[in-house]
There are 2 protein chains.
Amino acid sequence: MSLRHAVLGLLAAQPASGYDLLKTFQSSLANVWPATQSQLYGELARLADSGLVEVRTEGPRGRKEYEITDAGRRELRHWILEVEPERVRRSDTLLRAFLLGSVEPEHALDFLQGRATAADERHAELRALAASTPWGQGDLSVYGRITLEWGLRFSAMQREWADWAAGQIAAASPAVQQKPR
Amino acid sequence: MSLRHAVLGLLAAQPASGYDLLKTFQSSLANVWPATQSQLYGELARLADSGLVEVRTEGPRGRKEYEITDAGRRELRHWILEVEPERVRRSDTLLRAFLLGSVEPEHALDFLQGRATAADERHAELRALAASTPWGQGDLSVYGRITLEWGLRFSAMQREWADWAAGQIAAASPAVQQKPR
DNA sequence: GAGGACATGTAATCCGTTACATGATTCA
DNA sequence: TGAATCATGTAACGGATTACATGTCCTC
C-alpha cells in the first residue's frame, strides 16, 4: 500500500494531475518507487473516493488537477512516522548468491565479479545523476540528496561485498584461480 | 519469476517434498526469498508441468517427493549465470526518506533515529543467527555465510546512512537540536 | 492538417498474501 | 482416542506490469 503514500507525498508538496505525477514517477521517483501510468490513475481515483485527495480544477483535455486534503495529510504523516517500514525482503542477486553452490566455483566467481562491475556502474550512474541535478535550497533538495546518498552507499556496499565473497570462494576452492582485475 | 528458481535451486541440492521445501522457505530462505505454502505447491505443480522437476516417489499421506530434471538443471544454471539480476526496486524506508520534507524537521530526525536503531537490531539478529548456525563444510555453508554477510553489511550501511542523514538535517535546520544518543 | 505532446482510462495476466479446507499418520 | 505433525490443495483479493484504446490541444 505504499504507492498510495507516494502519491500523497507528491501532492503534499504541490497540486498536480495524474500526468504530472507520472513524469515524476518516471524520473526522480523511478529510483525509489517506480509506478506505471495504469497504477497511478487507478490510485488517484481510489484516493479521491476515500477523501484523501480532491480534484481542484479540471483543465483542457480532461486534465484533473488533484490536491491533498487534510485527511490526506494526516494519513501521510501517520504512515511516515508511525507505521513501521517493512524490511527489503527479496533480492534477485542475493537469491542467486545463496544458490551458487549449484554451479562450478569458477562460474560462481564470474557471477560475483559481474555483480562487482554492475555495482560500480550503478555507482557511477548515481554519481552522474547527483552531478547533473540542479540541487536547489528546498526540502526536495535536502531529502533528494539523502535518498541518493543511500543509493551511493548501497552500491558501494554491494561492490565491496562481491569482492569479499569472491575472495571467500577462491579460498574455499584452492584449484580455482581468481581472475585478476 | 524467481520463486521458480529458488525451488529449482533447492531441488538441485537434494530431492524434497513441498512440505520439506516449505520448512526451508520458512527458516533459512525466509531471509532471502520468503514464500508461502500456497505459492510453493502451485509452483511445484507448474514446474512439473513444464518438465523441470519430476515426482520421484509418492510416500505416505500423499507425500510427493520431487526431483530436478536435466532440463531443470539447465534452466537453473542459465538463470543464475546468464540472466541479469534485477535491481532492488522498492524500499519502504527509502520512500519515506524521500518524502520527509512533508513532516517537521524534528520528526524527520525521529524517523531517521528510529531507522538507525532498527538497523542495529537487525544487525544483532543476524549476528546471533550466524553464531547459532552450525556451519558445516559444504557449499551451503560457504554460500550461506556469503548471503548472511550481505545482510550484515546491508544493516551496517543502513545504520551509518541514517546517522549521516540525521546530521544533514540537523545542519539544514539549525533550530532543531539532534537528540544525543 | 499532421504530428507530437497532453491526458485519461480499461483489460488481461501474473505474483504474493491470507484464509479456508481436508485428510493421513504417528505417538503418547 | 485425541493431539500434534505431516501433507496437499483451493479460493479470494490486492498490487504490479503490459498492452490496448481513445480523444484533445498546440505548433509548425
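No side-chain N or O of A:Q158 forms a donor-acceptor pair with one of A:H123 less than 3.5 Å apart. With 3.5 Å as the limit, one finds no donor-acceptor pair spanning the side chains of A:T117 and A:D120.
Between the side chain of A:S38 and the base of C:dT10 there is at least one donor-acceptor pair of N/O atoms closer than 3.5 Å. Side-chain atoms of B:Q39 and base atoms of C:dT17 include no donor and acceptor less than 3.5 Å apart.
Of the candidates D:dC25, D:dA16, C:dA5, the closest approach to any side-chain atom of A:W33 belongs to D:dA16. In the set C:dT8, D:dT18, D:dA7, the nucleotide with an atom closest to the side chain of A:T36 is D:dT18.
Taking atom CD on B:Q26 and atom C1' on D:dA7, their separation rounds to 13 Å, with Å as the unit. Atom CD in B:E65 sits about 15 Å away from atom C1' in D:dT8, given to the nearest Å. Look at CG on B:L95: it is 11 Å from P on D:dA16, rounded to the nearest Å. Rounded to a whole Å, the CD atom of A:Q37 is 18 Å from the P atom of D:dG15. Going from atom CZ of B:R46 over to atom C1' of D:dG9 covers 13 Å, rounded to whole Å. Note: CD (A:E58) to P (C:dC6) measures 20 Å, nearest angstrom. A:D92 places its CG atom 14 Å from the C1' atom of C:dC15, with the value rounded to the nearest Å. Distance CG (A:L44) to C1' (C:dG9): 12 Å, rounded to an integer number of Å.
Residue A:R61 places no side-chain N or O under 4.0 Å from the OP1 or OP2 atom of C:dG4. Proximity of A:R4 to the phosphate of D:dA16: no side-chain N or O atom is located under 4.0 Å from OP1 or OP2. Using a 4.0 Å cut-off, no side-chain N or O of B:R63 falls inside it from OP1 or OP2 of D:dT5. Applying the 4.0 Å criterion to OP1 and OP2 of C:dG9, one finds that A:Y41 has every side-chain N and O outside that range. Residue A:K64 has a polar side-chain atom (N or O) positioned under 4.0 Å from OP1 or OP2 of C:dG9.
If B:R90 and B:G62 are placed on DNA chain D by their nearest nucleotide, the residue sitting closer to the 5' end is B:G62.
Here the options are B:I80, B:L29, B:T147, the test is side-chain contact (heavy atoms from CB on, under 4.5 Å), and the partner is A:L95; only B:L29 passes.
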Take B:K64 and B:E54, measure what salt bridge (Lys or Arg N to Asp or Glu O under 4.0 Å) needs, and give me the verdict at the end.
CA-CA 9 Å; B:K64 295 186 207 165; B:E54 277 173 2; over 6 Å; no
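No donor-acceptor distance shorter than 3.5 angstrom exists from the side chain of A:S173 to the backbone of A:A170, with no hydrogens or angles considered.
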